[in-house]
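Structure record follows, encoded as structure tokens.
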Amino acid sequence: MFQKLKGFRDIYPESMRARRIVFDKINATAREFGFHEIDAPSVEHLELFRVKSGDEIVEQTFSFVDKGGRSITLIPELTPTVARMLASRKDLIKPVKWFSFPKMWRYEEPQSGRLREFYQFNADIFGVAGIEADAEVLALAMEILDSLGLKGKYEMRVSDRLLMEEILRKLGVERIEETFRVIDKRDKIPEEQFLGKLQDIAGSDAGLEISEILSVKGTVSEVLSKIGESERGEDLLELQELLAAYGKEITLDLSIVRGLAYYTGVVFEAHDSKGEFRAILGGGRYDNVVQLFGGEPTPAVGFGMGDAVLELIMKREGIWPEERMEVDIFVAIVPGFRKEATQIAMKLRKEGFRVDMDLTGRSLGKQLKYANRINARYAIIVGEEVREGKVVAKNMKSGGQRTVEIGKLKEVINEN
RNA sequence: GCCGGGAUAGGGUAGGGGCUAUCCUGGGGGACUGUGGAUCCCCUGACCCGGGUUCAAAUCCCGGUCCCGGCCCCA
């Protein structure tokens, strides 16, 4: 027997069905928000990923040299591809609102909520510099989680690079990039050591102040009241008010940095309220990326959400759909009536039912046992009575059955 | 890449040097070729891979693979 490759999953029908329900719901929500679905190649030039994110990304790719000597990789993220697509079409109607739910690959050590192959939902808005697009994207992200039944089970933490820069400048901090890098390490090193590093870069007083600002979390208004007068703060207040109109609430948490490699404004992460799992989704504004890929300078804001953490949290909350096979009708066949049964099965299929039928010729008892195992709602038994245009329709749940005219099958089955 | 814990039929498990590897469940068939979920019978089917120690290895040792989790990283 061959084993699976590390970090890859086999998905069997029972769990694929649950997955499909969740994925369809997510896609439907994106469509409700007026986003349009795209698809893209699973492989790209390795170089494409170096442009945006640098070498450490490249080391975590499934890459290879193809027969033409090109360095190729399975995509570890979608943003460079989307930016490439955007850059090569100048006739797109702005704002561009795209979503997609592709598979991606990252060569990392698997652990809870992290695999080597996974699905990641992506949604982006291009061409809007204002906070309205940030609000729309955040609202979509939250509506997706809410509609899946996670309302109240997660917290949307928002930070903002521009606000942070403004604060740091006011405090007289010059080494801004370096400060961000330290902030990113905040939860990974002891508190005292963190403060020490901050003070090394920003100075003793400023370091202390930054540390205090980082520990304040709450509504935008609450956090701003601790910070004082702020230009960017006005935008964030507007963001908060817009989101209120969408019926959504966010938490301002300035300790969120998100790698920050290319984010230029708002950044956000949705976290499990119980703090058990890693971030469910993350995103932000990245106004410089499209031009990096040769496009016109284009403001952009978006997010990505992997399926792994989402599945973990939904399972913990008991809201992951049931993992079972399902079919509407099983057509059982009495010997000698296969042709008639086939015609009836096809008729029901055309009417939109999910219809399975016996292919084995085994005993009726076995056929019904099979119907039971595949969770058929109804079994149709095709035998002698078909000569009078009738079949037996058996409700597999109640066990009740009646002989009905073929033409009336549809209503009988739709009764429950 | 590093660290910890695991791996026994399709799924869940017992057994920790010795005779035909335990039990539950599932799958196929039958009792019962026009009625499923029950019962009974039969069949099916496993010691992750490679090496070592030993008269003898599922069991002990080494290496690898995969799984679960943690670190780094998280695009």
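FYI, side chains are in, hydrogens and waters are out, and symmetry mates aren't considered; it's all heavy atoms of this structure. A, B, ... follow the sequence lines: proteins, then strands. Residue 1 opens every chain.
For B:G26, neither phosphate oxygen OP1 nor OP2 lies less than 4.0 angstrom from any side-chain nitrogen or oxygen of A:R373. An OP1 or OP2 oxygen of B:G29 is reached within less than 4.0 angstrom by a side-chain nitrogen or oxygen of A:R362. Within the 4.0 Å cut-off from OP1 or OP2 of B:C73, at least one side-chain nitrogen or oxygen of A:K185 is found. A:Q60 has no side-chain polar atom (N or O) that falls below the 4.0 Å cut-off from OP1 or OP2 of B:A75.
Backbone-only contact: A:G365 has heavy atoms under 4.0 Å from sugar-phosphate atoms and none from a base. Residue A:G282 is out of contact with every strand shown, counting any heavy-atom pair closer than 4.0 Å. Counting non-hydrogen atoms under 4.0 angstrom, A:E77 reaches the backbone sugars and phosphates but no base. Across all strands shown, A:G7 has heavy atoms under 4.0 Å from sugar-phosphate atoms exclusively, and none from any base.
The listed nucleotides are B:G1, B:C73, B:C66; the one nearest the side chain of A:E109 is B:G1. The side chain of A:S363 has B:U33 as its nearest neighbour among B:U33, B:A75, B:U65. Considering only side-chain atoms of A:V334, the nucleotide from B:A75, B:C67, B:G34 that sits closest is B:G34. Comparing B:U35, B:G69, B:G1 by their nearest atom to the side chain of A:S112 picks out B:G69. Listed candidates were B:G29, B:U35, B:U33. Nearest to the side chain of A:K366 is B:G29.
Annotation: side chain of A:Q401 is not in contact with side chain of A:N395 (no heavy-atom distance under 4.5 Å). Residues A:L252 and A:D160 form no side-chain contact, since every pair of their non-hydrogen atoms from C-beta on lies 4.5 Å or further apart.
What separates CD of A:Q111 from P of B:C2 is a distance of 15 Å, to the nearest Å. Between A:L364 atom CG and B:U35 atom P there is a gap of 6 Å when expressed in whole angstrom units. If you take CD of A:E14 and C1' of B:G10, they are 11 Å apart, rounded to a whole angstrom. Distance A:Q367 CD to B:G28 P: 13 Å, rounded to the nearest Å. Rounded to whole angstrom, the span from the CZ atom of A:R181 across to the P atom of B:A75 amounts to 15 Å. The distance from atom NZ of A:K188 to atom P of B:G70 is 14 Å, rounded to the nearest whole Å. Separating the CD1 atom of A:I381 from the P atom of B:G36 is a distance of 9 Å, rounded to the nearest angstrom. When rounded to the nearest whole Å, the span between CG of A:N372 and P of B:G27 equals 10 Å.
Taking the C1' atom of each, B:A46 and B:C72 are spaced 38 Å apart, rounded to whole Å. Atom P of B:C32 sits at a distance of 13 Å from the matching atom of B:G36, rounded to the whole Å. B:U44 and B:C3 have their P atoms separated by 45 Å, given to the nearest Å. B:A56 and B:C60 are spaced 13 Å apart, taking the C1' atom of each and rounding to whole Å. Look at the C1' atom in both B:U54 and B:G70: the space between them is 38 Å, to the nearest Å. Between B:C47 and B:A9, the two C1' atoms lie 10 Å apart (nearest whole Å). Of the C1' atoms belonging to B:C23 and B:A31, the separation is 25 Å, rounded to the nearest Å. Across B:C61 and B:G16, the matching C1' atoms stand 14 Å from one another, rounded to whole Å.
A:K197 has no carboxylate O lying under 4.0 Å from a charged side-chain N of A:D200, or vice versa, which leaves the two without a salt bridge. A salt bridge is defined here as a Lys NZ or Arg NE, NH1 or NH2 lying under 4.0 Å from an Asp or Glu carboxylate O, and A:R9 with A:D307 meets this definition. Between A:K274 and A:E276, none of the side-chain N atoms (NZ, or NE/NH1/NH2) sits under 4.0 Å from a carboxylate O, so this pair counts as no salt bridge.
Nucleotide B:U20 is matched to nothing when pairs are restricted to Watson-Crick or G-U wobble geometry with both distances under 3.5 angstrom. In a base pair of the Watson-Crick type (N1 to N3 plus N6-O4 or O6-N4) or a G-U wobble (N1-O2 and O6-N3), with each distance short of 3.5 Å, B:C71 is matched with B:G1. Across all strands shown, B:G50 forms a Watson-Crick or G-U wobble pair, both distances under 3.5 Å, with B:C62. Across all strands shown, the partner of B:A31 is B:U39, judged by Watson-Crick or G-U wobble contacts whose two distances both fall under 3.5 Å.
Evaluation of atom-type donor-acceptor distances gives no pair under 3.5 Å for the side chain of A:Q401 against the base of B:G36. In terms of polar N and O atoms assigned as donor or acceptor, the side chain of A:R9 never comes within less than 3.5 Å of the base of B:C67 in a complementary pairing.
Results of the side-chain contact (heavy atoms from CB on, under 4.5 Å) test with A:W98 over A:D124, A:V82, A:L78 single out A:V82 as the only residue that passes.
Take the nearest nucleotide of RNA chain B for A:W105 and for A:E276: the residue whose nucleotide is more 5' is A:E276. Along RNA chain B, the nucleotide nearest to A:L312 and the one nearest to A:E385 differ in position, and the one closer to the 5' end is contacted by A:E385.
In terms of heavy atoms, A:L359 sits closest to A:R338 at CA-NH1, 4.1 Å.
In B:G16 the O4'-C1'-N dihedral to the base is within 90° of 0, which defines a syn nucleotide.
Screening residues 118-167 of chain A for ring pair (Phe, Tyr, Trp, His ring centres under 6.0 Å) gives A:F23-A:Y119, A:F99-A:F121, A:F101-A:F121, A:F121-A:F303 as the qualifying pairs, with residues at least two apart or on separate chains.
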